[in-house]
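Order of the sequence lines sets the chain letters (A, B, ...), proteins ahead of strands, with each chain counted from 1.
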There are 2 protein chains.
Amino acid sequence: MEQLSPDANLLKGNLDLILLEILEAQPMYGLEIINEAQTRTDGYFDFKEGSLYPALHRLEAQGWLSGAFQDSDSGGPRRKYYRLTDKGNRALERKRAEWQRFGRAIESLRGRP
Amino acid sequence: MEQLSPDANLLKGNLDLILLEILEAQPMYGLEIINEAQTRTDGYFDFKEGSLYPALHRLEAQGWLSGAFQDSDSGGPRRKYYRLTDKGNRALERKRAEWQRFGRAIESLRGRP
DNA sequence: CCTCCTACCTAGGATAGCTATATAGTAAGC
DNA sequence: GCTTACTATATAGCTATCCTAGGTAGGAGG
């Protein structure tokens, strides 16, 4: 487990991409997303509920995700599972491209006199 | 020249890194930084003065940049040249490492079932 | 002079993630 | 039945940062 988490500002504008990446393969509910993000990044990503839920609502309002409540399979409160819509899949492609473009732009700044 | 500029939110938290990258090789003044960023990224980065100047002041207050006024060599108003301090160089290294780490974390989210 | 260009600066607004808390259902212990 | 703990979703208020939209001022050229 790594302790370091990213500067909060790095997430701005990238949280959408991150959520779409995680939900691309399979639908998940809120806390599951937080756990998955932690596991897959060795604890680097550690989203707070106060960041996650508004973001999920935002993406749902944009039509990129659709959420549906479902009873827990282990006896807890109901869970809201989010899955990517077709629109969300297209958005993911755009976000990936934008991320690549941004990275290339940063690199192109280096090594100049 | 490319028209597309990055989503404003992508810049949040990365503008510091960008400015340090640009100023690493040589000192520059405000508008020169804007022009250089445009040129080096084929117009992708197009910083507004309202973003740039507060950022420069912030970095100067943190001790990462030091600024000094200097008369223009082409007869305009005086220019404020910013150069990286030693502290700024160390900050640049940290920001680069953080950027790499963040990029790796994003990639590690992909291709999972 | 008067206009234009350069150059620096700032106030106010919008956005998005974080802190902290609220709400509620289920399960376990006594 | 009551309390405690865990899970799960939700949101109000804070803060940081970038952008919009201006302002100030010096020099060049007609």
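For B/K48 and B/D46, the salt-bridge test passes: some basic side-chain N is under 4.0 Å from an acidic carboxylate O. The pair A/R96-A/E21 counts as a salt bridge, with a side-chain nitrogen and a carboxylate oxygen less than 4.0 angstrom apart. Checked for salt-bridge contact, A/R79 and A/D71 miss the test: no charged N lies under 4.0 Å from a carboxylate O.
Not a single donor-acceptor pair under 3.5 Å links the side chain of B/Q70 to the backbone N or O of B/K80.
Among the nucleotides D/dT9, D/dG26, C/dC8, the one closest to the side chain of B/R79 is C/dC8. Of all nucleotides listed (D/dC18, D/dA8, C/dC9), D/dC18 comes nearest to the side chain of B/L11.
Evaluation of atom-type donor-acceptor distances gives a pair under 3.5 Å for the side chain of A/E49 against the base of D/dA10.
A sub-4.0 Å separation between OP1 or OP2 of D/dT17 and a side-chain N or O of A/N9 is present. For B/H57 and C/dT10, the shortest distance from a side-chain N or O to OP1 or OP2 is below 4.0 Å. Checking the phosphate oxygens (OP1, OP2) of C/dT10, no side-chain nitrogen or oxygen of B/Y53 falls inside 4.0 Å. At the phosphate of C/dG17, OP1 or OP2 sits under 4.0 Å from a side-chain N or O atom of A/R58.
Each of A/P54 and B/K12 has a nearest nucleotide on DNA chain D; the 5'-most of these lies closest to A/P54. In terms of position on DNA chain D, the residue among A/G76 and B/L15 whose nearest nucleotide sits closer to the 5' end is A/G76.
Atom pair A/F47:CZ and C/dC18:C1' shows a separation of 13 Å (rounding to whole Å applied). To the nearest angstrom, C1' of C/dG17 lies 12 Å from CZ of B/F102. In this structure, the CD atom of A/E32 is 9 Å from the P atom of D/dA8, given to the nearest Å. The separation between A/N14 atom CG and C/dC18 atom P is 12 Å, rounded to whole Å. Look at NZ on B/K48: it is 19 Å from C1' on C/dA11, rounded to the nearest Å. Remark: C1' of D/dG26 and CG of B/D71 are 11 Å apart, rounded to the nearest angstrom. Counting to the nearest Å, the C1' atom of C/dA7 and the CE atom of B/M28 are 16 Å from each other. Taking atom CG on A/D46 and atom P on C/dT19, their separation rounds to 9 Å, with Å as the unit.
Using a 4.0 Å heavy-atom cutoff across all strands shown, A/L52 reaches no nucleic acid atom at all. Within the 4.0 angstrom heavy-atom criterion, base atoms lie near B/G50. Counting non-hydrogen atoms under 4.0 angstrom, B/F69 reaches the backbone sugars and phosphates but no base. When heavy atoms are screened at a 4.0 angstrom cut-off, A/L31 is found touching base atoms of the nucleic acid. Residue-level contact check: A/K80 touches the backbone only, with heavy atoms under 4.0 Å from sugar-phosphate atoms and none from bases.
Separation of the B/Y29 and B/F69 ring centroids does not fall under the 6.0 Å cut-off. Between B/F47 and B/Y53, the ring centre distance reaches or exceeds 6.0 Å.
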